[in-house]
Amino acid sequence: MLTYEANSRASAADVWTLMAEPARWRRWAPHIRGAWGLGAPEVQVGRRGLVRLLGAPVVPARITRKRAGQMWAWRVGPVDLTHRVDPREGGGSTVAVDIAAPAPIEAALKATYGPLVQVLVRRLGRVAEP
């Protein structure tokens with residue numbers, strides 16, 4: 001599994017609203033051009049939908065898990081992505097994305113998509129800050 005994390009001065013609750021509401025994803029993930037059918041206002045377990053990515057066709061996705069205010073996960077093709085936010089002692093939060101996939105795919109994602117995910121978790125943390 002690959003894990004990408006960033007610390008933020010924002011509360012976990014403020015990060016969560018940006019992380020869990022598909023209509024707000026574009027504020028921190030400009031490569032996402034839209035998401036449909038995954039739940040509203042927040043993602044909902046069991047929902048299947050579509051995500052449009054910059055420079056890519058529409059990608060099907062399914063929300064697989066959720067712990068409100070803390071974590072949600074989806075499966076996109078053979079890849080499982082878990083989005084997490086944890087409060088930090090003393091204030092702020094840690095924003096994270098975990099990626100799990102079969103070994104050859106995970107290795108390719110580490111070299112290609114992983115650096116972008118690291119930028120995105122930092123950006124999410126910054127956008128949520130007061």
Side-chain angles (χ1 to χ4, degrees):
M1 180 170 58
L2 307 171
T3 297
Y4 301 91
E5 294 183 332
N7 290 326
S8 173
R9 293 187 322 257
S11 71
D14 288 340
V15 171
W16 176 255
T17 61
L18 290 170
M19 177 186 283
E21 295 180 13
R24 300 181 78 191
W25 289 348
R26 218 160 154 205
R27 289 191 54 204
W28 60 271
H31 71 295
I32 295 180
R33 297 301 191 204
W36 303 271
L38 299 173
E42 291 187 359
V43 295
Q44 297 171 349
V45 173
R47 297 293 299 264
R48 295 176 184 268
L50 301 170
V51 179
R52 181 175 303 279
L53 303 174
L54 178 66
V58 174
V59 178
R62 179 174 50 93
I63 306 300
T64 58
R65 294 178 291 137
K66 179 178 174 183
R67 223 172 18 249
Q70 300 173 348
M71 173 279 283
W72 69 270
W74 61 353
R75 184 164 185 87
V76 180
V79 181
D80 291 304
L81 297 103
T82 301
H83 299 70
R84 299 182 285 117
V85 59
D86 298 305
R88 280 195 351 250
E89 192 173 313
S93 58
T94 299
V95 182
V97 172
D98 304 316
I99 301 174
I105 294 172
E106 200 169 280
L109 289 171
K110 182 178 182 177
T112 58
Y113 190 54
L116 174 60
V117 173
Q118 185 62 61
V119 168
L120 292 172
V121 294
R122 285 186 194 129
R123 181 178 168 92
L124 173 54
R126 279 194 317 271
V127 170
E129 288 177 350

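Throughout, residue positions are numbered sequentially from 1 according to the sequence presented.
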Got L53 and I32 here, is their nearest side-chain heavy-atom distance under 4.5 Å?
yes

Could you work out the complete set of other residues in the hydrophobic cluster of W36, with links drawn between I, L, V, M, F, W and Y side chains under 4.5 Å apart?
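Members other than W36 - counting any ILVMFWY side chain reachable under 4.5 Å - are L50, V58.
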
Do any side-chain atoms of residues 101-121 form donor-acceptor pairs under 3.5 angstrom with protein atoms, and if so which ones, sequence neighbours left out?
unit_1, atom_1, unit_2, atom_2, d
E106, OE1, A101, N, 3.1
E106, OE2, M1, N, 3.1
T112, OG1, A108, O, 2.7
Q118, NE2, E5, O, 2.8

How long is the straight-line distance from [atom2] of [Y] back to [atom1] of [X], given to the nearest 0.5 Å?
| X | Y | atom1 | atom2 | result |
| --- | --- | --- | --- | --- |
| W16 | R84 | CH2 | CZ | 12.0 Å |
| S11 | E129 | OG | CD | 10.5 Å |
| R75 | T82 | CZ | OG1 | 11.0 Å |

Check side-chain hydrogen bond (donor to acceptor under 3.5 Å, both in side chains) between R48 and all other residues, then give those that pass, not counting sequence neighbours.
none

Shared hydrophobic cluster, L81 / L2 (ILVMFWY, side-chain heavy atoms < 4.5 Å)
yes

Please confirm whether the backbone N or O of A10 pairs with a side-chain atom of S93, one donor and one acceptor, at under 3.5 Å?
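Yes, S93 side chain to A10 backbone: donor-acceptor pair under 3.5 Å.
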
Can you list everything that forms a side chain to side chain contact (heavy atoms under 4.5 Å, CB included) with A61? Sequence neighbours excluded, please.
L38, V51, W74, V76

Name all pairs fulfilling the salt bridge (Lys or Arg N to Asp or Glu O under 4.0 Å) condition that reach into residues 56-71, sequence neighbours left out, sorted by first residue then second.
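Every pair satisfying salt bridge (Lys or Arg N to Asp or Glu O under 4.0 Å) with a residue in residues 56-71: E42-K66.
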
Nearest heavy-atom neighbours spanning G69 and V85
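So the minimum-distance heavy-atom pair works out to O-CG1, 3.7 Å.
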
What donor-acceptor contacts under 3.5 angstrom involve side-chain atoms of residues 19-31, with partners at least two apart or in another chain?
unit_1, atom_1, unit_2, atom_2, d
R24, NH1, T17, OG1, 3.0
W25, NE1, M19, O, 2.9
W28, NE1, L18, O, 2.9

